A.B. asks: 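If you scroll down you'll find the structure; I have some questions about it.
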Amino acid sequence: MTGAFAEAQLYTIPNVIGLNIRASIESGQPLTFHANYKLDDGTERLDYVTQDGVIRLQRERARPDALLYSFAGNYTRSSARDEIASRFGLSHDMRRIYSRIRTDRFMDNAVSSLYGMRVTENHPWEATLCYLISQFNNIKRIRGIVRGMISRFGDTVEQDGIAFKLFPSPERISKASINELMACGTGFRAKYIKNTARAFSENPGYAGMHGTEYGELKNRLMDLDGVGDKVADCILLFGYRKHMAFPIDVWIKRVVEEVYFDGRKQKISEIHGFADRKWGSYAGYAQQYLFESGRRNRIGVRNDKGHR
DNA sequence: ACCCAGGCGGGCG
DNA sequence: CGCCCGCATGGG
């Protein structure tokens with residue numbers, strides 16, 4: 001895909017201060033599963049597809065506050081810029097967010113080491129498909145499955161004689177057979193994916209429920225096949241900009257128990273209550289720093305002798 | 001061989 | 001409600 005952009009015109013988004021692209025796309029968010037990131041000789045390059053087209057970003061070491069971009073597919077110069085600005089949360093008030101989540105030494109450290117990492121804003125269907133696949137799975141394999149689904153089921157777009165596969169639509173996924181879905185490595189999740197894709201394609205309203213209140217939207221999402229408490233919170237946080245959502249997976253559970261409860265086991269409901277009291281409407285941002293910091297430092301992971 | 005992975009649905013008490 | 005179990009698949 002990279003070569004196709006060699007002669008494409010680059011546009012500029014100026015005054016982007018303190019965006020950590022790498023941490024934002026390597027921290028288990030939807031772009032982790034299908035974006036391509038490279039750092040060569042001080043230049044960062046990133047490309048990813050949506051249902052609408054292809055986005056390519058570039059940033060040079062000598063101009064760290066300028067995001068350069070190009071696009072293909074159905075994007076225009078301004079719609080591509082809007083996609084990038086929302087995707088990377090360029091309007092997020094990071095000073096306020098950091099002042100609310102730097103509640104203790106661990107969070108202070110996490111913010112320092114991951115400074116500039118954003119909670120990205122992704123399309124609801126994209127987030128839903130990614131986190132349906134994520135359940136009882138690992139990040140490397142999730143990447144393979146999501147990429148496989150893009151190459152098998154994504155619409156083809158041509159630009160300057162080069163073909164691209166876009167992010168697959170719920171319509172196309174709902175029409176795939178269970179066997180076709182299994183062939184991508186989805187395993188027991190194939191039925192969830194097919195049923196939930198059908199729900200999205202039969203009810204286009206799912207794509208535009210950003211205004212619905214958190215609790216009500218969570219209930220709606222948990223009606224979908226394969227969407228439980230954790231996947232719903234991921235969709236709310238990464239797909240609907242609900243920054244109070246606090247997805248609790250095995251990593252978050254371990255980190256919270258280790259850092260805040262001296263290693264004592266806590267119920268999921270207790271951790272939800274703790275996060276809500278401690279970080280409130282910024283809990284989702286706190287979660288993202290807890291998750292990535294805990295994962296990088298393997299907080300609470302036991303070795304083969306059963307010791308910590 | 002064994003363990004684990006950004007969990008969930010169904011069945012049971 | 002809460003708890004427990006099976007679940008596809010591949011990597012360490």
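Predicted, not measured: the structure shown is a model, and the values here were computed from it.
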A.B. asks: Counting heavy atoms from C-beta on, name the nucleotide in B:dG6, C:dA8, B:dC8 closest to the side chain of A:V231.
C.D. replies: B:dC8

A.B. asks: Nearest to the side chain of A:K140, which nucleotide is it out of C:dG12, B:dG6, B:dC8?
C.D. replies: C:dG12

A.B. asks: State, to 0.1 Å, how close A:L19 and A:S24 come at their nearest heavy-atom pair, and which atoms those are.
C.D. replies: CD1-OG, 4.2 Å

A.B. asks: Tell me: CD1 of A:I139 to C1' of B:dG7, nearest whole Å?
C.D. replies: 15 Å

A.B. asks: Quick check: do A:R59 and A:T43 have side-chain heavy atoms less than 4.5 Å from each other?
C.D. replies: no

A.B. asks: Do the side chains of A:E126 and A:R87 get close enough for a salt bridge, i.e. N-O under 4.0 angstrom?
C.D. replies: yes

A.B. asks: Angle between ring planes, A:F188 versus A:Y192, binned at 30° and 60°: parallel, tilted or perpendicular?
C.D. replies: perpendicular

A.B. asks: Between atom NZ in A:K267 and atom C1' in C:dC3, what is the gap in whole Å?
C.D. replies: 10 Å

A.B. asks: For the side chain of A:D225, counting heavy atoms from C-beta on, which of B:dG7, B:dG9, B:dG6 is nearest?
C.D. replies: B:dG9

A.B. asks: Is A:K278 salt-bridged to A:D104, cutoff N-O under 4.0 Å?
C.D. replies: yes

A.B. asks: In whole Å, what is the span from the CE atom of A:M182 to the P atom of C:dC7?
C.D. replies: 12 Å

A.B. asks: I want to verify a distance call: between B:dG6, B:dA5, B:dC8, whose nearest atom is closest to the A:Q135 side chain?
C.D. replies: B:dC8

A.B. asks: With rounding to the closest Å, how many angstrom separate the C1' atoms on B:dA1 and C:dG10?
C.D. replies: 15 Å

A.B. asks: Where along residues 235-256 of chain A does a heavy atom come under 4.0 Å from DNA chain B, residue by residue in number order?
C.D. replies: A:F238, A:P247, A:D249, A:V250, A:W251, A:I252, A:R254

A.B. asks: For atom P, what is the distance between C:dG6 and B:dC2, given to the nearest Å?
C.D. replies: 16 Å

A.B. asks: Mind checking the P distance from B:dC3 to C:dC5? Whole angstroms is fine.
C.D. replies: 15 Å

A.B. asks: Grab the CD1-P distance between A:I268 and C:dC3 for me, whole Å please.
C.D. replies: 11 Å

A.B. asks: Show your reasoning for whether side chain to side chain donor-acceptor pair (under 3.5 Å) applies to A:E121 and A:S86.
C.D. replies: CA-CA 6 Å; A:E121 298 179 4; A:S86 62; 4.6 Å; no

A.B. asks: Parallel under 30°, tilted from 30 to 60°, perpendicular over 60°: which one fits the rings of A:Y289 and A:Y98?
C.D. replies: perpendicular

A.B. asks: CD of A:E292 versus C1' of B:dG6: gap in Å, rounded?
C.D. replies: 11 Å

A.B. asks: Rounding to an integer number of angstrom, what distance separates B:dA5 and C:dC7 when you compare their C1' atoms?
C.D. replies: 13 Å

A.B. asks: Using the C1' atom in both, what is the distance from C:dT9 to B:dG10, to the nearest Å?
C.D. replies: 22 Å

A.B. asks: Report the distance from atom CG of A:D229 to atom P of B:dG7, rounded to the nearest whole Å.
C.D. replies: 12 Å

